[in-house]
Protein chains: 2
Amino acid sequence: MKRNSRLSLALHTLSHMAEEPNRVRTSADIADHAGTNPVVVRRVLGRLREAGLLTSEKGHAGGWRLARSPQQITLADVYLALNERMIATGPDYEVPSCSVEHALFRRVTTVLTEVEASLVQKLSETPISAISGT
Amino acid sequence: MKRNSRLSLALHTLSHMAEEPNRVRTSADIADHAGTNPVVVRRVLGRLREAGLLTSEKGHAGGWRLARSPQQITLADVYLALNERMIATGPDYEVPSCSVEHALFRRVTTVLTEVEASLVQKLSETPISAISGT
DNA sequence: GCATACGCAACTAATAAAGTTACATTTAGC
DNA sequence: GCTAAATGTAACTTTATTAGTTGCGTATGC
Ligand code: FES
Ligand code: FES
């Protein structure tokens, strides 16, 4: 698959969940629908659970469901929950000591930070319930 | 190295070139300074040449130099020349037929396109000459 | 002619992500 | 209690992308 398939998978799944919030879905069902593997689904949805967007239940009639109403979950919530910012320049870059590199780093970081904030802002305007309709 | 080392390498190199626009630099010099390989340098700078930002000369006293004044080359020029948009959702995504996936795709694409444009806009405000200090 | 540069193709190495397998644990229903 | 069905997780394999390397052809200044 391609990069950011995690975000695709998460958004796709939550969009469907927004349609029938009370239905419990198993990772096997979701994986089958999305054309991937249950373990991959659990990995991705696990992050959403950590972020408080989903709940999961083990055992016989277990599975996944939304932790709150679909109107209260926005695309930004999903994006942030996955913690994979499209705009790189994370803390993995060591701040350089040389003046040229430092100036460059600062400039680029400033721009990327602004753009990242703008992205999150725009995403936050759409709840997942708006995707499927209602 | 990490992802987007191409952009880092390109910006770093051009920032230095902006300091002494008339100096010719060989890919070996640049590679040595940047801690990489001459072939990698030629690969990256080759794209900048295709975009008209640099010129290269073969032979004895050959090497790389800016194709125009450093005030006329912005960070956006470099970013666009490399043709690796940070904001994914390129044409490699096939447009989905299902309505839910389609609505999601459209929404996300709209946001990303806007953000990408905003990024380029911000980058275009800084010429490479501004990094090293005129 | 020779040293020095780029251009390019082909290969290898390193990395990250997805996918897979296996198994422990939990839970509902009988 | 036993069984079936679900998640949780670790370990491994596969795949894709990128950087790095080697080798050689070509151009050019001295
Ligand atoms: S020497 Fe410091 S940026 Fe290149
Ligand atoms: S069925 Fe999942 S998006 Fe169409």
Side-chain angles (χ1 to χ4, degrees), chain A residues 1-13 17 23-67 81-86 88-90 92-93, chain B residues 1-13 17 22-67 82-86 88-90 92-93:
Chain A
M1 255 193 195
K2 47 213 161 238
R3 187 134 77 268
N4 271 78
S5 64
R6 287 197 286 264
L7 184 57
S8 296
L9 174 58
L11 289 175
H12 179 186
T13 303
M17 286 179 151
R23 177 170 151 204
V24 176
R25 289 153 206 264
T26 68
S27 54
D29 289 343
I30 295 166
D32 188 53
H33 175 76
T36 182
N37 189 288
V39 175
V40 173
V41 170
R42 290 200 283 265
R43 279 207 281 249
V44 172
L45 298 194
R47 298 201 194 188
L48 303 186
R49 183 191 49 227
E50 289 167 19
L53 305 183
L54 291 177
T55 60
S56 64
E57 283 158 40
K58 292 180 172 181
H60 196 85
W64 302 81
R65 74 177 74 214
L66 297 179
L82 292 180
N83 211 41
E84 22 171 66
R85 312 309 168 81
M86 312 198 100
T89 313
D92 45 319
Y93 278 68
Chain B
M1 256 192 194
K2 45 209 161 242
R3 185 132 84 273
N4 272 78
S5 63
R6 287 197 286 265
L7 183 58
S8 297
L9 175 58
L11 289 175
H12 180 186
T13 302
M17 286 177 151
N22 293 324
R23 177 169 154 205
V24 176
R25 288 151 207 265
T26 68
S27 53
D29 289 344
I30 296 166
D32 189 53
H33 174 77
T36 181
N37 189 286
V39 176
V40 174
V41 170
R42 289 200 281 264
R43 277 208 283 250
V44 173
L45 298 194
R47 297 200 195 188
L48 303 186
R49 184 191 50 226
E50 288 168 19
L53 306 182
L54 291 177
T55 60
S56 65
E57 283 158 40
K58 292 180 173 182
H60 195 82
W64 302 83
R65 75 176 75 215
L66 297 179
L82 292 180
N83 212 39
E84 20 172 67
R85 312 309 168 80
M86 312 198 99
T89 312
D92 45 320
Y93 278 66

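Here is the naming used below: chain letters follow the sequence lines, and residue numbers restart at 1 for every chain.
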K.L.:
Looking at dA5(C), I'd like to know if its phosphate oxygens (OP1 or OP2) sit under 4.0 Å from a side-chain N or O belonging to S56(B).
P.N.:
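Answer no for this pair, as no side-chain N or O of S56(B) is under 4.0 Å from OP1 or OP2.
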K.L.:
For nucleotides 24-29 of chain C, give me every protein contact, N/O to N/O, under 3.5 Å, one pair per line with atom names.
P.N.:
unit_1  : atom_1 : unit_2 : atom_2 : d
dT26(C) : O2     : G59(A) : N      : 3.3
dT27(C) : O2     : H60(A) : N      : 3.0

K.L.:
Name the residue closer to the 5' end of DNA chain D, choosing between V40(B) and R49(A) according to the nucleotide with the nearest heavy atom.
P.N.:
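By nearest-heavy-atom nucleotide position, the 5'-most residue is R49(A).
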K.L.:
Can you find a pair of side-chain heavy atoms, one from L66(A) and one from L54(A), that are under 4.5 Å apart?
P.N.:
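In short, these two side chains touch, coming nearer than 4.5 Å.
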K.L.:
Tell me whether R47(B) contacts the main-chain N or O of L82(B) through its side chain, where contact means a donor paired with an acceptor under 3.5 Å.
P.N.:
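Answer holds: yes.
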K.L.:
Measure CZ/R47(A) against P/dG8(D) and give the value in whole Å, please.
P.N.:
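That distance rounds to 14 Å.
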K.L.:
Please write out the pairs of protein N or O atoms and N or O atoms of nucleotides 10-15 of chain D separated by less than 3.5 Å, giving the distance to one decimal.
P.N.:
none

K.L.:
Ignoring backbone atoms, establish whether S27(B) has a side-chain N or O less than 4.0 Å from OP1 or OP2 of dA5(C).
P.N.:
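For S27(B), the contact criterion (side-chain N or O under 4.0 Å from OP1 or OP2 of dA5(C)) is not met.
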K.L.:
Do you know the tightest heavy-atom contact between A51(A) and A81(A)?
P.N.:
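Minimum heavy-atom separation between A51(A) and A81(A): CB-CB, 3.4 Å.
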K.L.:
Calculate the interatomic distance between E50(A) atom CD and dT9(D) atom C1'; express it in whole Å.
P.N.:
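Distance, rounded to whole Å: 12 Å.
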K.L.:
Establish, with yes or no, whether the OP1 or OP2 oxygen of dG7(C) is under 4.0 angstrom from a side-chain nitrogen or oxygen of R42(B).
P.N.:
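No, R42(B) has no side-chain N/O under 4.0 Å of OP1/OP2 on dG7(C).
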K.L.:
For dA6(D) and T26(A) - does any side-chain N or O of the residue sit under 4.0 Å from the phosphate oxygens OP1/OP2?
P.N.:
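No.
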K.L.:
In whole angstrom, what separates L82(B)'s CG from dA19(D)'s P?
P.N.:
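Value for this atom pair: 10 Å.
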K.L.:
If I take atom CG in residue L9(B) and atom P in nucleotide dT18(D), what distance separates them, rounded to the nearest angstrom?
P.N.:
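So the CG-P distance, L9(B) to dT18(D), works out to 15 Å.
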K.L.:
What is the distance, rounded to the nearest whole Å, between atom CG of N37(A) and atom C1' of dA17(C)?
P.N.:
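About 13 Å, once rounded to whole Å.
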K.L.:
About how many Å separate OG1 of T26(B) and CD of E57(B), when rounded to the nearest 0.5 Å?
P.N.:
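Going from CD on E57(B) over to OG1 on T26(B), the span is 13.0 Å.
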K.L.:
Between dA17(C), dG8(D), dG20(D), spot the one nearest the side chain of S5(A), thanks.
P.N.:
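Among dA17(C), dG8(D), dG20(D), the one nearest the side chain of S5(A) is dA17(C).
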K.L.:
Donor-acceptor check, side chain of R6(A) to backbone of V44(A), threshold 3.5 angstrom: yes or no?
P.N.:
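Flag not set: sc R6(A) to bb V44(A) has no pair under 3.5 Å.
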K.L.:
Let me know the distance between CG of D32(A) and P of dT20(C), rounded to the nearest Å.
P.N.:
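So the CG-P distance, D32(A) to dT20(C), works out to 12 Å.
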K.L.:
Could you tell me whether the side chain of L45(B) reaches within less than 4.5 Å of the side chain of I30(B), counting heavy atoms only?
P.N.:
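The answer is yes, as the side chains (C-beta and beyond) meet within the 4.5 Å cut-off.
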K.L.:
Can you measure R25(B) atom CZ to dC6(C) atom C1' for me and round it to whole angstrom units?
P.N.:
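Atom CZ in R25(B) sits about 17 Å away from atom C1' in dC6(C).
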K.L.:
Just do the side-chain contact (heavy atoms from CB on, under 4.5 Å) check on N83(B) and R85(B) with the steps written out, would you?
P.N.:
CA-CA 6 Å; N83(B) 212 39; R85(B) 312 309 168 80; 3.4 Å; yes
K.L.:
Measure the shortest side-chain to side-chain distance between R43(A) and V40(A) over non-hydrogen atoms and say whether it is less than 4.5 angstrom.
P.N.:
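Yes - at least one pair of side-chain heavy atoms lies under 4.5 Å apart.
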K.L.:
Not counting sequence neighbours, which residues clear salt bridge (charged side-chain N to carboxylate O under 4.0 Å, His left out) with R23(A)? List them please.
P.N.:
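With sequence neighbours excluded, R23(A) shows a salt bridge (charged side-chain N to carboxylate O under 4.0 Å, His left out) to E20(A), given in chain and number order.
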